[in-house]
Protein chains: 2
Amino acid sequence: MLNLLELEQLAAFADWGTLSKAAEQLHISQPTITRTMQHLEEEFGVPLFSRSKNKIQLNETGKKAVEYAKSLLEDAKEAVAQVQAFHKRLHTITVQSCAPAPLWSLLPILSSEFPQQTISSTLLEEPEIVRQVRDGDCEMGILPRPVEQEGVKCVPFLEEKLSVCVPYEHSLAERTSLTFQELNGFNCLLLSQIGFWDKLCREKMPASRFLVQTDSFEFAELVRHSSLLCFTTNLARDSQELFHKRNIIPLTDAQANVTYYLLFTNSVYQAVAEKCSNRH
Amino acid sequence: MLNLLELEQLAAFADWGTLSKAAEQLHISQPTITRTMQHLEEEFGVPLFSRSKNKIQLNETGKKAVEYAKSLLEDAKEAVAQVQAFHKRLHTITVQSCAPAPLWSLLPILSSEFPQQTISSTLLEEPEIVRQVRDGDCEMGILPRPVEQEGVKCVPFLEEKLSVCVPYEHSLAERTSLTFQELNGFNCLLLSQIGFWDKLCREKMPASRFLVQTDSFEFAELVRHSSLLCFTTNLARDSQELFHKRNIIPLTDAQANVTYYLLFTNSVYQAVAEKCSNRH
DNA sequence: TATTATTACGTTAGGCGTAAAGATT
DNA sequence: AATCTTTACGCCTAACGTAATAATA
């Protein structure tokens with residue numbers, strides 16, 4: 001039977017032209033590779049090389065053998081990768097969400113329900129989330145609206161309501177409610193990694209500029225020492241910084257008050273989804 | 001790197017259900033296969049089995065690994081076969097002919113021109129011959145007519161003229177020439193393995209019956225002791241049997257007097273083809 | 001009790017590297 | 001001289017089988 005280690009030497013010889021170079025590249029001795037080539041000819045049962053006294057080269061048959069050898073080596077490598085990927089997949093629950101807040105509730109639940117599994121989550125745009133859930137590329141998805149899709153189950157999860165944090169001295173500070181339209185034109189501080197909220201704000205407040213902060217401490221510092229608007233929600237885990245000398249004013253737009261829905265195909269997650277919705 | 005021998009043990013385990021059975025089938029000891037399975041798990045880097053005290057079985061990942069293992073084993077076997085076939089092909093000149101007579105001239109020439117090569121010949125029907133030459137499935141073809149085909153060279157080779165052997169007492173015995181039409185209705189003795197001649201006779205003499213003989217000695221015996229018609233050509237290597245108390249009368253039909261053409265794609269055979277046509 | 005997987009252990013065969021030879025440029 | 005392939009030789013690892021262990025049906 002063929003031996004992949006030997007085929008690798010054959011491929012190396014084909015790539016480097018001489019047994020010496022190939023041996024050097026593979027960190028083995030020259031006699032070893034000579035022996036291997038002889039052994040390969042036995043295995044294939046046909047001559048693969050044309051030999052003169054101190055020169056050896058592939059004949060036509062040998063070149064064909066090299067083709068197959070490289071293909072087999074590639075396939076073998078691919079097989080290992082695929083099996084590893086399959087294993088990883090089997091022990092990973094991947095959640096694709098449109099926003100971070102619902103993950104804060106869901107991930108701990110998944111961790112306790114599936115203590116053996118690794119939980120992996122990413123923020124994605126809505127269409128991509130739907131596609132991944134449908135194609136089985138992830139186990140769960142979280143959207144800010146329900147979807148009707150063949151084979152995809154969709155369960156309401158929890159609500160998030162957006163509010164704006166207005167400094168006391170701001171002209172809007174005394175309002176009890178606001179709309180995107182009224183905020184449009186005022187510049188805002190924003191955190192990165194907030195999923196669809198970012199896109200929503202830019203869409204609804206095209207005249208505003210958004211100063212996106214990656215670091216939450218820097219963000220908090222800026223909030224404290226600036227008079228720029230910023231946002232929070234009922235689910236936010238902010239420290240007191242946001243409330244420091246600011247009024248929290250709810251937005252009344254429908255799109256600022258979303259209900260998250262859990263998407264999944266495998267009914268294993270039905271129970272979790274129901275448990276989640278009951279909690280809220 | 002994966003080892004195909006180990007993968008074979010994995011496949012055997014999958015097929016036979018227990019390590020013991022697999023070991024027995026492969027004529028190896030049980031400890032060996034146990035170790036191999038452990039080693040395979042290291043190679044793949046993930047668990048492939050679920051083990052209880054005296055039971056071991058494939059887990060989901062393991063089943064995937066078996067799929068890939070079997071595929072790789074199949075590919076490896078196929079690779080060896082393909083390389084061997086390639087080698088054989090490289091050292092074999094295959095000639096597909098519509099009739100045996102031109103082979104009697106061509107094969108000796110090929111043998112002396114290519115003493116290293118094995119010469120292989122078969123009788124086929126015309127369309128298949130053209131296909132094989134075109135597709136490179138054979139090196140040369142012999143047809144009873146020229147063909148125009150992209151990339152296929154076509155050189156006139158030699159002529160064969162059909163005659164009928166009529167017993168002295170036969171009503172047609174005194175004719176100096178004949179046609180298929182005149183022969184139609186008379187029953188004939190025929191040898192097998194005469195290529196397109198068989199089909200031609202049946203087509204041109206639909207009212208006749210043909211008694212096909214496989215053995216040439218039996219054929220000669222029948223010719224000698226019957227008054228049935230039979231055929232010969234200018235190229236035939238018949239003994240005197242056919243002429244025993246028979247007149248040899250040529251057929252005048254165009255299709256009974258053919259010119260054979262050599263077909264080939266590889267110009268290596270151009271020289272041979274020219275040498276052939278010069279000889280005749 | 002028979003079957004199965006695994007561990008322990010001693011042996012051996014096969015594979016590797018070093019050294020050397022032969023040949024070519 | 002330098003480079004390359006091949007042969008010869010000795011060592012050593014790694015793989016195998018036997019025997020023993022443990023557990024199950």
Side-chain angles (χ1 to χ4, degrees), chain A residues 1-63 65-66 69 72-73 76 80, chain B residues 1-63 65-66 69 72-73 76 80:
Chain A
M1 171 140 16
L2 292 182
N3 181 330
L4 293 180
L5 277 166
E6 294 187 339
L7 293 183
E8 189 173 48
Q9 294 181 33
L10 178 65
F13 170 57
D15 288 342
W16 295 99
T18 72
L19 297 185
S20 314
K21 284 269 182 244
E24 186 185 341
Q25 293 294 327
L26 297 175
H27 306 106
I28 58 177
S29 69
Q30 295 169 9
T32 297
I33 204 169
T34 290
R35 267 193 305 266
T36 299
M37 297 304 111
Q38 294 166 344
H39 189 219
L40 277 171
E41 279 187 310
E42 290 175 23
E43 284 290 345
F44 278 102
V46 294
L48 303 177
F49 308 98
S50 70
R51 304 164 199 266
S52 35
K53 273 302 178 184
N54 79 337
K55 190 167 184 72
I56 179 172
Q57 51 188 358
L58 291 162
N59 63 24
E60 290 304 307
T61 314
K63 289 174 188 167
V66 167
L72 283 172
L73 289 167
V80 172
Chain B
M1 171 139 17
L2 292 183
N3 180 331
L4 293 180
L5 277 166
E6 294 187 340
L7 293 182
E8 189 173 49
Q9 294 182 32
L10 179 64
F13 170 57
D15 288 341
W16 296 99
T18 71
L19 296 186
S20 315
K21 284 269 181 242
E24 186 184 342
Q25 293 293 327
L26 297 175
H27 306 106
I28 57 177
S29 68
Q30 296 170 7
T32 296
I33 204 168
T34 290
R35 267 193 306 266
T36 298
M37 298 304 112
Q38 293 165 344
H39 189 220
L40 277 171
E41 280 186 310
E42 290 175 23
E43 284 290 346
F44 278 101
V46 295
L48 303 176
F49 308 98
S50 70
R51 304 163 198 269
S52 35
K53 271 302 177 186
N54 79 337
K55 190 166 186 68
I56 178 172
Q57 50 188 0
L58 291 161
N59 62 24
E60 290 304 308
T61 314
K63 289 175 188 168
V66 167
L72 283 172
L73 289 167
V80 172

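So that the names make sense, note that chain A is the first sequence line, chain B the second, and so on, each numbered from 1. Bear in mind the structure is a predicted one, so any value in this text is a computation, not a measurement.
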Check: Are any non-hydrogen side-chain atoms of B/Ile56 and B/Phe13 less than 4.5 angstrom apart?
Finding: yes

Of the options [options], whose atoms approach the side-chain atoms of [X] most closely?
| X | options | answer |
| --- | --- | --- |
| A/Gln38 | C/dA5, D/dT7, C/dT6 | D/dT7 |
| B/Thr18 | C/dT4, D/dC16, D/dT5 | C/dT4 |
| B/Ile28 | D/dG17, D/dT6, C/dA23 | D/dG17 |
| A/Thr32 | C/dT7, C/dC16, D/dT6 | C/dC16 |
| A/Lys53 | C/dT6, C/dT24, D/dT6 | C/dT24 |
| B/Pro31 | D/dA23, D/dA19, D/dT5 | D/dA19 |
| A/Thr34 | C/dC16, D/dT6, C/dA5 | D/dT6 |

Taking only side-chain N and O atoms of [X], does any of them lie within less than 4.0 angstrom of OP1 or OP2 on [N]?
| X | N | answer |
| --- | --- | --- |
| B/Ser29 | D/dC16 | no |
| B/Ser20 | C/dA5 | yes |
| B/Arg51 | C/dA5 | no |

Exercise. Using modelled atom types only, decide if a donor and an acceptor are shared between the side chain of A/Glu41 and the backbone of A/Leu48 within a distance under 3.5 Å.
Key: yes

When you measure only distances, ignoring hydrogens and angles, does the side chain of A/Arg35 come within 3.5 Å of the base of C/dG14 through a donor and an acceptor?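 Answer no: no donor N or O sits under 3.5 Å from an acceptor.
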
Please state how far atom [atom1] in [X] lies from atom [atom2] in [N], giving the value in whole angstrom units.
| X | N | atom1 | atom2 | result |
| --- | --- | --- | --- | --- |
| A/Leu5 | C/dG14 | CG | P | 17 Å |
| A/Gln30 | D/dC4 | CD | C1' | 7 Å |
| A/Leu19 | C/dC16 | CG | P | 14 Å |
| B/Asn54 | C/dA5 | CG | P | 7 Å |
| B/Phe49 | C/dT4 | CZ | C1' | 15 Å |
| B/Lys21 | C/dT3 | NZ | P | 9 Å |
| B/Met37 | D/dC16 | CE | P | 11 Å |
| A/Lys55 | C/dG22 | NZ | C1' | 17 Å |

Least distance between heavy atoms, [X] atom then [Y] atom:
| X | Y | result |
| --- | --- | --- |
| A/Met1 | B/Leu4 | SD-CB, 3.7 Å |
| B/Ala69 | B/Leu10 | CB-CD2, 4.1 Å |
| B/Pro47 | B/Asn59 | O-ND2, 3.1 Å |
| A/Ala11 | A/Leu73 | CB-CD1, 4.1 Å |
| A/Leu26 | A/Ala12 | CD1-CB, 3.7 Å |

Side chain to side chain donor-acceptor pair (under 3.5 Å) test vs B/Gln9 passes for just one of B/Thr34, B/Asn3, B/Thr36, namely B/Thr36

Per-helix bend value, the helix from C/dT1-D/dA25 to C/dT25-D/dA1, C1' rotation axes over five pairs per end, 10° rounding, shows 20°

